[in-house]
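To keep things clear, I will list the structure first and then write my remarks on it.
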Amino acid sequence: MSETSKPGNFITQIIDKDNESGKHNGVVMTRFPPEPNGYLHIGHAKSICLNFGIAQRYNGQCNLRFDDTNPEKESVEYIESIKRDVEWLGFEWKDEPKFASDYFQALYDFAVQLIEMGKAYVCELNGEQMREYRGTLKEPGKNSPYRDRSVAENLALFTDMKNGKYKDGEVVLRAKIDMASPNMNLRDPIIYRVRHVHHHQTGDQWCVYPMYDFTHCLSDAIENITHSICTLEFQDHRPLYDWVLDTLGTVHPQQIEFARLNLNYTVTSKRKLKQLVDEKHVDGWDDPRMPTISGLRRRGYTALAIRNFCERIGVTRSDGVVDVSMLEHAIREDLDANANRAMAVLNPIKVTLTNYPEDKEEIFTVNNHPKNEDAGQRKVPFSKTLYIDAADFAEEPPRKWKRLTLEGAVRLRGGYVITCDEAIKNEAGEVVELLCRYDENTLGVNPEGYKPKGVIHWVSAQHAVDATVNLYDRLFNNDAPDANYEDKTFLDFINEESLTVLTNAKVEPSLLASEKGQGFQFEREGYFCRDLEKDGMVFNRTVTLRDSWAKIEAKGK
RNA sequence: UGGGGUAUCGCCAAGCGGUAAGGCAACAGGUUUUGAUCCUGUCAUGCGUAGGUUCGAAUCCUGCUACCCCAGCCA
């Protein structure tokens with residue numbers, strides 16, 4: 001599909017109009033501007049797909065720009081993870097990654113220019129006073145007593161700020177706009193503050209750092225961004241964005257806001273995700289239960305699935321909550337089409353084929369994919385003793401049961417039809433072994449005179465490979481863990497059963513040749529992937545198969 | 001009447017004055033050596049609400065309602 005045949009949205013409509021009127025001479029330049037203060041999550045994926053996707057659609061380019069103006073909260077680890085994630089999603093930024101900190105000198109010069117124009121002043125109000133003078137949502141603020149300093153004095157004071165003559169928080173540089181504006185952002189916003197901290201990019205070169213509102217618009221202008229796409233909460237900042245650029249007379253990118261992604265049953269706030277990591281509710285930013293890009297990757301989500309998901313949810317200005325089933329559908333769709341099949345017995349019980357020769361061994365050739373012949377075939381060994389899943393046998397089967405039962409017959413996937421004669425139990429009354437007979441005339445052929453109830457997966461005991469399987473479920477059991485509740489926080493909704501570790505799983509030997517990160521469909525169980533980090537046979541469940549039996553069962557209860 | 005936004009099926013979302021696309025979910029069938037996939041069908045006389053303009057309104061106008069964002073020296 002060509003880029004332009006993909007569905008558009010209100011932003012592409014704006015750009016189409018701009019291109020018609022020749023506003024930017026047909027040039028489209030966007031940017032993805034994360035602050036390196038955490039790992040990227042699925043919400044960022046939407047923004048990445050939007051910004052890079054628009055650039056592709058219009059043969060433009062997209063910068064990766066780190067909005068690194070608050071060094072205390074930022075780190076190189078986050079920078080590296082962000083680069084890795086954007087790349088993994090399949091996007092290429094223009095040239096080298098950019099940093100707002102690359103522009104610190106230019107930004108400083110712009111601030112000086114503002115002072116010279118009489119449009120900025122150094123203010124000595126402390127935090128509390130600042131708040132008082134700002135007024136409230138319904139009442140206007142009042143002018144700072146420092147508002148009318150001379151240009152010369154402001155220039156000297158700002159130089160002192162830069163040269164480290166003030167302690168953190170003692171003074172700030174403010175834009176002189178309008179303390180009575182109904183828009184709080186225009187009530188003489190702070191544009192520079194003093195912070196004696198080491199910066200991950202500029203070291204100890206600066207002790208004054210520009211604020212977002214001053215930095216972002218000018219960084220966009222410096223990079224000749226044409227369309228500066230951000231989320232809805234910045235709508236109120238647009239007048240300030242425009243004021244800075246208009247006042248300084250630079251090129252003027254257009255800020256366009258869209259609704260950020262909200263997903264039910266999940267939390268998409270860097271602060272909360274960081275809390276989950278810091279307080280060890282999960283095993284790190286890339287825990288497969290996290291909605292981070294790295295977590296999803298480790299869970300087995302593919303970049304293609306995430307891109308498709310982002311395309312399907314659309315881009316609008318109305319904020320809603322997308323159902324996680326949309327995300328799950330996207331990964332099932334990709335893996336169903338592209339993942340090889342394999343057999344894995346998660347909770348094994350032994351099956352002995354009483355009429356199968358003791359030392360005999362057969363090798364079945366099985367298709368890797370039911371529809372795609374190009375996926376090839378693999379060898380699956382078969383012998384007298386097998387494992388099947390405990391859930392596939394029932395002494396007293398419920399209605400519509402299509403699995404093994406006493407005296408019932410069932411097809412072993414890719415192999416013979418077997419009939420169960422006896423269930424051997426331990427002292428606790430649990431079934432520990434099944435004695436079955438196989439029908440030697442049923443390899444690739446239907447049996448004569450009777451019909452198997454269904455098909456189950458299995459693995460030959462002597463050939464089976466031990467594996468650890470991590471069964472992941474949603475991290476929260478409330479559909480809106482993020483919402484504000486009177487007496488609860490999102491931590492109160494953590495699903496205690498979000499991870500079940502199965503250490504006794506038996507998988508077919510072909511899986512020994514799999515690679516880390518490789519995805520499979522374990523037939524009748526779900527989609528799994530070899531863990532990206534751990535060595536050995538460790539598989540993570542990406543998502544279950546759609547399960548209509550579970551619905552039938554649930555209805556019966 | 002502080003300011004700024006948004007309202008179309010359970011969820012996402014097309015629609016831009018000519019008579020409500022699509023996807024997810026759900027439900028009902030069919031195929032199936034995966035209770036998967038796939039296929040077929042059902043699912044808004046209705047577009048937050050009340051009026052108005054018009055031959056004709058989800059689209060234009062007016063009033064109302066609900067929800068979201070803003071009082072960090074965060075972004």
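Labels below follow one simple rule: chain letters A, B, ... track the order of the sequence lines, proteins then strands, and each chain is numbered from 1.
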Let's see if you can work this out: which of [options] has an atom nearest to the side-chain heavy atoms of [X]?
X: Asp323(A); options: U34(B), C11(B), C70(B); result: C11(B)
X: Gln13(A); options: C16(B), U37(B), U6(B); result: C16(B)
X: Asp319(A); options: U37(B), C68(B), A75(B); result: C68(B)
X: His329(A); options: A25(B), U34(B), A75(B); result: A25(B)
X: Asn183(A); options: G3(B), U33(B), C24(B); result: G3(B)

Rounded [atom1] spacing from [N] to [M] in Å:
N: A50(B); M: C12(B); atom1: C1'; result: 29 Å
N: C70(B); M: A26(B); atom1: C1'; result: 39 Å
N: G2(B); M: A71(B); atom1: C1'; result: 11 Å
N: G46(B); M: U33(B); atom1: C1'; result: 47 Å
N: A20(B); M: A58(B); atom1: P; result: 9 Å
N: C60(B); M: C16(B); atom1: C1'; result: 11 Å
N: C68(B); M: U54(B); atom1: P; result: 38 Å
N: A13(B); M: G63(B); atom1: P; result: 27 Å

For atom [atom1] of [X] and atom [atom2] of [N], their distance in whole Å:
X: Phe382(A); N: U33(B); atom1: CZ; atom2: C1'; answer: 14 Å
X: Glu139(A); N: G3(B); atom1: CD; atom2: P; answer: 14 Å
X: Met326(A); N: C11(B); atom1: CE; atom2: P; answer: 11 Å
X: Ile82(A); N: A75(B); atom1: CD1; atom2: C1'; answer: 12 Å
X: Leu263(A); N: C11(B); atom1: CG; atom2: P; answer: 15 Å
X: Arg131(A); N: C70(B); atom1: CZ; atom2: C1'; answer: 16 Å
X: Met343(A); N: A36(B); atom1: CE; atom2: C1'; answer: 15 Å
X: Trp243(A); N: G4(B); atom1: CH2; atom2: P; answer: 20 Å

First encountered from the 5' end of RNA chain B, between Val172(A) and Ser318(A):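 Its nearest nucleotide being more 5', the pick is Ser318(A).
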Between Asp236(A) and Arg524(A), which residue's closest nucleotide on RNA chain B lies nearer the 5′ terminus?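 Checking each residue's closest nucleotide, the 5'-ward one belongs to Asp236(A).
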Assign [X] to base, sugar-phosphate, or nothing according to its heavy-atom contacts below 4.0 angstrom with the strands shown.
X: Thr316(A); value: sugar-phosphate
X: His216(A); value: nothing
X: Leu125(A); value: base
X: Gly141(A); value: nothing
X: Arg187(A); value: nothing
X: Lys73(A); value: nothing
X: Gly454(A); value: nothing
X: Arg546(A); value: sugar-phosphate
X: Arg403(A); value: base
X: Thr69(A); value: sugar-phosphate
X: Val417(A); value: nothing
X: Gln521(A); value: base
X: Lys270(A); value: nothing
X: Ile190(A); value: base

Measure across Gly169(A) and Arg195(A) and return the closest heavy-atom pair with its distance rounded to 0.1 Å.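 Where Gly169(A) meets Arg195(A) most closely, the heavy atoms are N-NH2, 4.0 Å.
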For Tyr416(A) against Glu440(A), the heavy-atom pair lying closest together: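 Smallest interatomic distance, heavy atoms only, reads CE2-O, 3.8 Å.
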Below 4.5 Å, heavy atoms only, C-beta onward: do Val171(A) and Tyr146(A) meet side chain to side chain?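 No, their side chains stay 4.5 Å or more apart.
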Look through every strand shown and name the nucleotide pairing with [N] as Watson-Crick or G-U wobble, where both distances are under 3.5 Å.
N: C55(B); result: G18(B)
N: G2(B); result: C70(B)
N: C43(B); result: none
N: A7(B); result: U65(B)

Centre-to-centre under 6.0 Å for Phe158(A) and Tyr192(A), is that the case here?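 For Phe158(A) and Tyr192(A), the ring centres are under 6.0 Å apart.
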Report yes if a side-chain nitrogen or oxygen of [X] is closer than 4.0 Å to either non-bridging phosphate oxygen (OP1 or OP2) of [N]; otherwise report no.
X: Arg195(A); N: G72(B); value: no
X: Ser548(A); N: A36(B); value: yes
X: Lys551(A); N: A26(B); value: yes
X: Arg134(A); N: C73(B); value: yes
X: His457(A); N: U34(B); value: no
X: Arg193(A); N: C74(B); value: yes
X: Gln129(A); N: C73(B); value: no

What distance separates Phe110(A) CZ from Ile222(A) CD1, expressed to the nearest 0.5 Å?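 Spacing of CZ (Phe110(A)) from CD1 (Ile222(A)) equals 5.5 Å.
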Between [X] (side chain only) and [Y] (backbone N and O only), is there a donor and an acceptor less than 3.5 Å apart?
X: Asn264(A); Y: Asp479(A); answer: no
X: His457(A); Y: Ala344(A); answer: yes
X: Asp323(A); Y: Met326(A); answer: no
X: Ser81(A); Y: Tyr39(A); answer: no

Report yes if the ring of Trp549(A) lies under 5.5 Å from the six-membered base ring of G35(B) with planes under 30°, and no otherwise.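 According to the criterion (under 5.5 Å, under 30°), yes, Trp549(A) stacks.
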Syn if the chi torsion is within 90° of 0, anti otherwise; quick check, which is G72(B)?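 This nucleotide is in syn.
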Ignoring hydrogens and angles, answer whether the base of U34(B) and the side-chain atoms of Arg341(A) contain a donor-acceptor pair closer than 3.5 Å.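 Check passes, donor-acceptor contact within cut-off.
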Quick check on side chain to side chain contact (heavy atoms under 4.5 Å, CB included): which of Thr69(A), Val172(A), Ile190(A) does Met211(A) satisfy it with?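 Result: among Thr69(A), Val172(A), Ile190(A), Ile190(A) is the only option passing the side chain to side chain contact (heavy atoms under 4.5 Å, CB included) with Met211(A).
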